[in-house]
Amino acid sequence: MEEIDLKDLWNYFISKIALLVVFVAVAVIISNVYLLWVQKPMYKSEATLVLTRSANESGEVGAITTNDININQKLVSTYGEIIKSKRVLSKVIKNLELNVDSESLSKKVSVSNKEDTELLKISVSSDNSELAQKIANEIADVFSEEIVKIYNIQNISIIDYAEEQTKPYNVNIFKQSVIAVVLGIVLSCAVIFVMFYFDTTIKSPEEVEEKTGIVVLGRVPIVNSNKKKKSKKVGNK
């Protein structure tokens, strides 16, 4: 493999700086066009629930014990599956009169919990911010009702109802523009390097001596023909 002179490579890159600028500009334009015209803004609303101690027969809730906490933490994963179940989502669809089936709605719903806690967070994604809020809150209400019927206990409390989000979570013009700039620079550098590597033209007298072993005694300078014509016209006047 032929050795690459870093100085020559650097000079070649400098000579092709316009190509790098074009690549970066095109990448940013494509990124912004995609953001504004292709990518669909998505909004996410979240409702937060907590598992509490179930009420006794008289309807009173006593102090929470360590045993209650351990039981609730084990129920968190089970409750997460129930939230996305057909039983809960079908009722949500009916209550809100949604034109969607439970399987499709399930793909828009995610349930998470913070490790070693009894908190459940219901997240709903939609291209309609108001609809995302309504669905998240309706799921929280329906789930709370269905748990009573399923387990015959009432140990769910809603801490925070979902709020309508005004900013889409999947659109960040600054971040995506920076990524486009980086990609443009990387791609242009790769193209310029390939062009340099396969460029077999002689670029300097020193390279002639290196490749042929012949000593260069002189060289003919490049004369700008336009300047030469202008100088002749001035002389004739």
Side-chain angles (χ1 to χ4, degrees), residues 35 38-173 175-176 179:
L35 283 176
V38 180
Q39 186 174 13
K40 183 182 291 185
M42 298 293 292
Y43 302 87
K44 181 181 290 185
S45 288
E46 298 177 336
T48 305
L49 313 177
V50 64
L51 277 68
T52 61
R53 184 178 179 181
S54 58
N56 56 30
E57 295 180 357
S58 62
E60 297 178 351
V61 178
I64 296 177
T65 65
T66 303
N67 187 50
D68 292 326
I69 294 175
N70 291 334
I71 292 174
N72 285 343
Q73 287 178 353
K74 291 178 180 179
L75 284 173
V76 163
S77 57
T78 303
Y79 280 7
E81 293 301 317
I82 294 175
I83 287 172
K84 298 185 67 175
S85 68
K86 188 175 181 179
R87 175 171 178 166
V88 172
L89 296 185
S90 295
K91 193 168 183 180
V92 170
I93 293 170
K94 182 180 179 181
N95 292 347
L96 296 178
E97 299 181 348
L98 302 177
N99 186 24
V100 65
D101 55 45
S102 57
E103 185 177 349
S104 299
L105 180 58
S106 177
K107 295 177 181 178
K108 299 180 180 181
V109 179
S110 62
V111 183
S112 60
N113 74 289
K114 193 173 182 180
E115 190 176 357
D116 297 328
T117 70
E118 302 162 78
L119 295 175
L120 278 173
K121 185 170 288 186
I122 302 172
S123 302
V124 177
S125 300
S126 174
D127 56 354
N128 185 317
S129 59
E130 184 180 358
L131 183 60
Q133 177 199 17
K134 289 182 178 179
I135 293 175
N137 289 334
E138 189 64 24
I139 290 176
D141 289 333
V142 171
F143 170 68
S144 301
E145 295 170 1
E146 292 301 312
I147 283 298
V148 177
K149 299 175 184 178
I150 296 171
Y151 285 101
N152 199 27
I153 57 175
Q154 191 171 356
N155 66 338
I156 296 294
S157 179
I158 300 175
I159 296 180
D160 294 314
Y161 275 105
E163 296 180 353
E164 183 178 356
Q165 300 299 312
T166 57
K167 293 183 179 180
Y169 70 87
N170 64 330
V171 176
N172 188 325
I173 295 178
K175 180 181 177 180
Q176 290 178 254
I179 294 174

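As the structure is a computational prediction, the values presented were derived from the model and not from experiment.
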(message) Parallel, tilted or perpendicular: which one describes the rings of Tyr79 and Tyr151, with boundaries at 30° and 60°?
(response) tilted
(message) Do Leu49 and Ile159 have side chains that approach each other closer than 4.5 Å (heavy atoms only, starting at C-beta)?
(response) no
(request) Go through the structure and list residues passing salt bridge (Lys or Arg N to Asp or Glu O under 4.0 Å) with Asp141, not counting sequence neighbours. (result) none
(message) Could you check whether any side-chain N or O of Ser106 sits under 3.5 Å from a backbone N or O of Glu103, counting only pairs where one atom can act as donor and the other as acceptor?
(response) no
(message) On a heavy-atom basis, which atom in Tyr43 and which in Gln165 lie closest, and how many Å separate them?
(response) CD2-O, 3.4 Å
(request) I would like to know whether Leu51 and Leu120 meet side chain to side chain contact (heavy atoms under 4.5 Å, CB included); could you show each step before the answer? (result) CA-CA 8 Å; Leu51 277 68; Leu120 278 173; 3.9 Å; yes
(message) Between Met42 and Pro168, is there a side-chain heavy-atom distance shorter than 4.5 Å?
(response) no
(message) Would you say that more than 12 heavy atoms from the other residues, nucleotides or ligands in this model lie under 6.0 Å from the NZ of Lys84, or not?
(response) yes
(request) Indicate the atoms forming the closest heavy-atom contact of Val100 with Leu105, along with that distance. (result) CG2-N, 4.1 Å
(request) Please list all pairs passing the ring-ring contact (aromatic ring centres under 6.0 Å, His included) test where one or both residues lie in residues 80-101, with sequence neighbours left out. (result) none
(request) Return the set of residues passing side-chain hydrogen bond (donor to acceptor under 3.5 Å, both in side chains) with Lys91 (not counting sequence neighbours), or none when no residue passes. (result) Glu146
(request) Evaluate the side-chain proximity of Pro41 to Tyr169: yes if any heavy-atom separation is below 4.5 Å, no if none is. (result) no
Donor-acceptor contacts under 3.5 Å from residues 129-139 side chains, at least two apart:
unit_1 : atom_1 : unit_2 : atom_2 : d
Ser129 : OG     : Glu164 : OE2    : 2.9
Glu130 : OE2    : Lys134 : NZ     : 3.4
Gln133 : NE2    : Ala162 : O      : 3.4
Asn137 : OD1    : Ala162 : N      : 2.6
Asn137 : ND2    : Gln133 : O      : 3.4
Asn137 : ND2    : Ala162 : O      : 3.3
Glu138 : OE2    : Asn95  : ND2    : 2.8

(request) Answer yes or no: are there more than 12 heavy-atom neighbours, outside Ile173 itself, under 6.0 Å from its atom CD1? (result) no
(message) Holding to salt bridge (Lys or Arg N to Asp or Glu O under 4.0 Å), I want the full list of residues that pass it with Lys94, two or more places apart in sequence or in another chain.
(response) none
(request) Could you list the residues that satisfy side-chain hydrogen bond (donor to acceptor under 3.5 Å, both in side chains) with Ser104, not counting sequence neighbours? (result) Asp101
(message) Strictly distance-based, threshold 3.5 Å: is any side-chain N or O of Ser90 a donor or acceptor partner for the main-chain N or O of Lys86?
(response) yes
(message) Could you go through Val109 and Ser123, starting from their C-alpha distance and side-chain angles, then the distance that decides it, and tell me whether this counts as side chain to side chain contact (heavy atoms under 4.5 Å, CB included)?
(response) CA-CA 6 Å; Val109 179; Ser123 302; over 6 Å; no
(request) For Glu81 and Val111, run side chain to side chain contact (heavy atoms under 4.5 Å, CB included): C-alpha distance rounded to whole Å, both residues' side-chain angles, the deciding distance at 0.1 Å, then the answer. (result) CA-CA 8 Å; Glu81 293 301 317; Val111 183; over 6 Å; no
(message) Surrounding CD of Gln39 (heavy atoms of other residues, nucleotides or ligands, distance under 6.0 Å), is the total greater than 12?
(response) yes
(message) Is the shortest side-chain heavy-atom distance between Leu35 and Gln176 below 4.5 Å?
(response) yes
(message) One pair to check against side chain to side chain contact (heavy atoms under 4.5 Å, CB included): Ile93 and Ser102. What are the steps and the verdict?
(response) CA-CA 7 Å; Ile93 293 170; Ser102 57; 4.3 Å; yes
(message) Just so I know, are the side chains of Asn113 and Leu119 near enough to count as touching, which here means a heavy-atom distance under 4.5 Å?
(response) no
